[in-house]
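A short write-up of the structure that comes next.
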Amino acid sequence: MTEDKKKGLFDQKLSRRDFLKKSGIAGAGALVGASALGGFVLPKTQEKTREADGDEKISFYGKHQAGITTSMQKNVYFVVLELEDSSKSAMKELFKDWTEYAAKLVDGQIVETESSNGYLPPKDTGEAVGLNPYRLTLTFGISRTFLKKCGLSDKEMSIFRDFPPFPKEQLEDKYTGGDIAIQACADDEQVAFHAVRNLVRKGRGKVTMKWSQSGFAAIGDRKSTPRNLFGFKDGTANATKESDFDKIVWYDGNDWLKNGSFMAVRRIRMHLETWDRTNLREQENTFGRYRDSGAPMGKTGEFDDFSWDDKDKDGNYLMPVDSHVSLANKAGKKLLRRSYSYADGINDSTGQFESGLLFIAYEKDPQQFIDVQTSLGATDKLNEYITHIGSGLFACFGGVEKGGYLGQDLFE
Ligand code: HEM
């Protein structure tokens with residue numbers, strides 16, 4: 001290999017696709033070449049589509065962290081970490097390293113310049129080489145225990161409290177709590193996983209993994225609302241306008257969480273077999289919306305305005321008062337939900353699907369989540385078909401400007 005070629009290979013700002021070309025793994029332009037497919041060559045038009053696939057990037061820098069109000073990607077890889085080294089200096093250094101890594105990952109670059117010494121493990125784990133960024137976003141949050149463990153109790157705030165116990169929840173320790181959350185979303189599963197893997201690897205000796213969950217959403221054309229595993233459109237009532245995000249999502253204070261948001265996470269098991277035995281009318285009564293159109297009961301369009309207490313001319317409620325949407329709406333508090341379905345094989349004790357919803361909601365104040373969950377309470381008709389088994393509350397920092405790092409206002 002010539003010196004020039006070597007230089008190119010180990011160039012810091014090398015996109016993962018350039019890396020592939022420069023290292024000679026793929027012939028220039030021939031993303032899926034004849035050799036890779038055993039002589040099969042894609043028609044020209046298809047080749048073009050493949051080239052553009054996943055090319056779109058979302059910058060890591062900005063006023064707010066990406067991955068909160070960003071329109072949802074197809075996949076999530078979510079991980080909760082615990083501190084092994086809880087010194088403030090170690091955490092500050094880690095968040096600095098993560099900032100640098102995250103900016104490169106969302107840009108489709110390898111995480112670190114590779115050394116030319118083939119006797120060392122590669123710096124980047126490599127499984128995303130050749131892949132575009134696929135709209136990767138990385139969103140970081142810390143819990144109350146993080147503040148305590150790092151000796152930052154003076155940064156606690158009255159609204160950042162543990163959730164109270166909620167009716168019917170059956171939380172399992174292995175899916176609850178933790179100190180740091182990282183939400184990686186992308187339109188490609190491997191890109192999301194690669195990002196988390198490399199971030200966790202960088203944190204070795206400082207953090208360990210407590211729990212993780214991968215998930216998927218039926219994003220399709222990005223215009224229609226994805227359906228959850230119960231077959232209903234999920235996310236209809238979400239805000240989509242910047243002015244609403246200011247009211248619902250972004251933290252109001254002027255302290256270390258400025259421009260940030262709170263992330264409520266619930267791992268919710270969904271009992272698919274019970275649901276599948278339930279007749280359609282009952283399913284619709286459970287949500288208070290029609291399955292096919294997604295319209296609120298008594299209305300025709302998915303986005304028709306409604307209120308939980310709308311009545312027909314005879315004075316009957318249009319929506320069953322114990323339905324999920326009625327009770328959630330009655331709380332009078334808004335959340336920005338960003339949930340993903342999961343399917344984790346077969347439950348050992350029941351022999352049924354181990355699947356459900358990784359419920360993620362962003363709000364400026366955790367009380368918004370508490371009020372909605374309290375309104376759902378023991379009455380929600382959906383309780384028959386779901387069990388909350390995991391929980392977490394994380395404060396997600398404001399965005400990072402170039403030259404800054406994640407959590408800077410907390411650590412300095
Ligand atoms: C597996 C569990 C859950 C499923 C399958 C589910 C599903 C749904 C569906 C299908 C809708 C109607 C469409 C929409 O507006 O998105 C909805 C609405 C909603 N859900 Fe859930 N949900 C679950 C858990 C939760 C939890 C834990 C909360 C918060 C505590 C929540 C809060 C809401 C809110 C605020 C709405 C909108 C209500 C309105 O229209 O005003 N959901 N959910």
Using modelled atom types only, decide if a donor and an acceptor are shared between the side chain of [X] and the backbone of [Y] within a distance under 3.5 Å.
X    : Y    : value
Q190 : E127 : yes
Q408 : Y405 : yes
D365 : Q367 : yes
W250 : G260 : no
D107 : Q109 : no
T70  : G67  : yes
K364 : D246 : yes
K299 : D305 : yes
T379 : D322 : no
Q368 : I248 : yes

When rounded to the nearest 0.5 angstrom, what distance separates [atom1] in [X] from [atom2] in [Y]?
X    : Y    : atom1 : atom2 : answer
S87  : K149 : OG    : NZ    : 13.0 Å
I159 : L257 : CD1   : CG    : 7.5 Å
N75  : C185 : CG    : SG    : 8.5 Å
K247 : E242 : NZ    : CD    : 12.0 Å
T286 : D380 : OG1   : CG    : 8.5 Å
I386 : F230 : CD1   : CZ    : 7.5 Å

Flag yes if more than 12 heavy atoms outside [X] fall under 6.0 Å of its [atom1] atom; otherwise flag no.
X    : atom1 : value
M209 : CE    : no
E412 : CD    : yes
I346 : CD1   : no
F245 : CZ    : yes
N279 : CG    : yes

Ion pair check, [X] and [Y], cut-off under 4.0 Å:
X    : Y    : result
K104 : E112 : no
E156 : R161 : yes
R144 : D162 : yes
E354 : R267 : yes
E189 : K74  : no

Could you go through the side chain to side chain contact (heavy atoms under 4.5 Å, CB included) check for L171 and I389 one step at a time?
CA-CA 4 Å; L171 302 184; I389 55 173; 5.7 Å; no

Apply side-chain hydrogen bond (donor to acceptor under 3.5 Å, both in side chains) to the pair Q73 and R338, showing each step before the final yes or no.
CA-CA 10 Å; Q73 299 92 325; R338 208 176 196 285; 3.0 Å; yes

Looking at side-chain heavy atoms only, is the closest gap between [X] and [Y] below 4.5 Å?
X    : Y    : answer
I370 : P164 : yes
W256 : L147 : yes
L357 : L229 : no
D179 : L81  : no
L327 : W308 : no
N383 : L376 : no
I142 : F394 : no
R289 : F306 : yes

Decide yes or no on salt bridge (Lys or Arg N to Asp or Glu O under 4.0 Å) for R266 and E169, but give the supporting numbers first.
CA-CA 10 Å; R266 307 285 281 183; E169 67 184 6; 2.7 Å; yes

State whether a side-chain donor-acceptor pair under 3.5 Å links [X] with [Y].
X    : Y    : answer
S115 : N117 : no
S71  : R135 : yes
T387 : H271 : yes

Could you name each residue pair satisfying side-chain hydrogen bond (donor to acceptor under 3.5 Å, both in side chains) that touches residues 217-235, not counting sequence neighbours?
E56-R222, D221-S224, T225-E302, N228-D234, K233-E302, D234-R337

Contact list for residues 325-335, test side-chain hydrogen bond (donor to acceptor under 3.5 Å, both in side chains), sequence neighbours left out:
K333-D371

Is the centre of the [X] ring less than 6.0 Å from the centre of the [Y] ring?
X    : Y    : answer
F369 : F163 : yes
F262 : F160 : yes
F95  : W98  : yes
Y342 : W211 : no

Could you point out which residue of D344, V80, V79 forms a side chain to side chain contact (heavy atoms under 4.5 Å, CB included) with Q213?
D344

I would like to know whether E172 and R269 meet side chain to side chain contact (heavy atoms under 4.5 Å, CB included); could you show each step before the answer?
CA-CA 12 Å; E172 296 176 19; R269 185 176 286 148; 3.8 Å; yes

Only one of H194, R201, R16 clears side chain to side chain donor-acceptor pair (under 3.5 Å) with D124; which?
H194

Begin from the C-alpha positions of Y340 and F216 and carry the test ring-ring contact (aromatic ring centres under 6.0 Å, His included) through to its verdict.
CA-CA 5 Å; Y340 285 87; F216 51 88; 8.7 Å; no

Given the rule in the side chain to side chain contact (heavy atoms under 4.5 Å, CB included) test, do I68 and T139 qualify, once you have shown the distances and angles that lead to the verdict?
CA-CA 8 Å; I68 298 177; T139 315; 3.8 Å; yes

Please determine whether side chain to side chain contact (heavy atoms under 4.5 Å, CB included) holds for the pair V207 and I180, giving the CA-CA distance in whole Å, both sets of side-chain angles, and the decisive distance to 0.1 Å.
CA-CA 9 Å; V207 287; I180 300 175; 4.0 Å; yes

As a test of understanding, state which of E93, E82, E84 forms a salt bridge (Lys or Arg N to Asp or Glu O under 4.0 Å) with K206.
E93

Y175 and S391: side-chain hydrogen bond (donor to acceptor under 3.5 Å, both in side chains), yes or no, with the steps?
CA-CA 7 Å; Y175 302 124; S391 182; over 6 Å; no

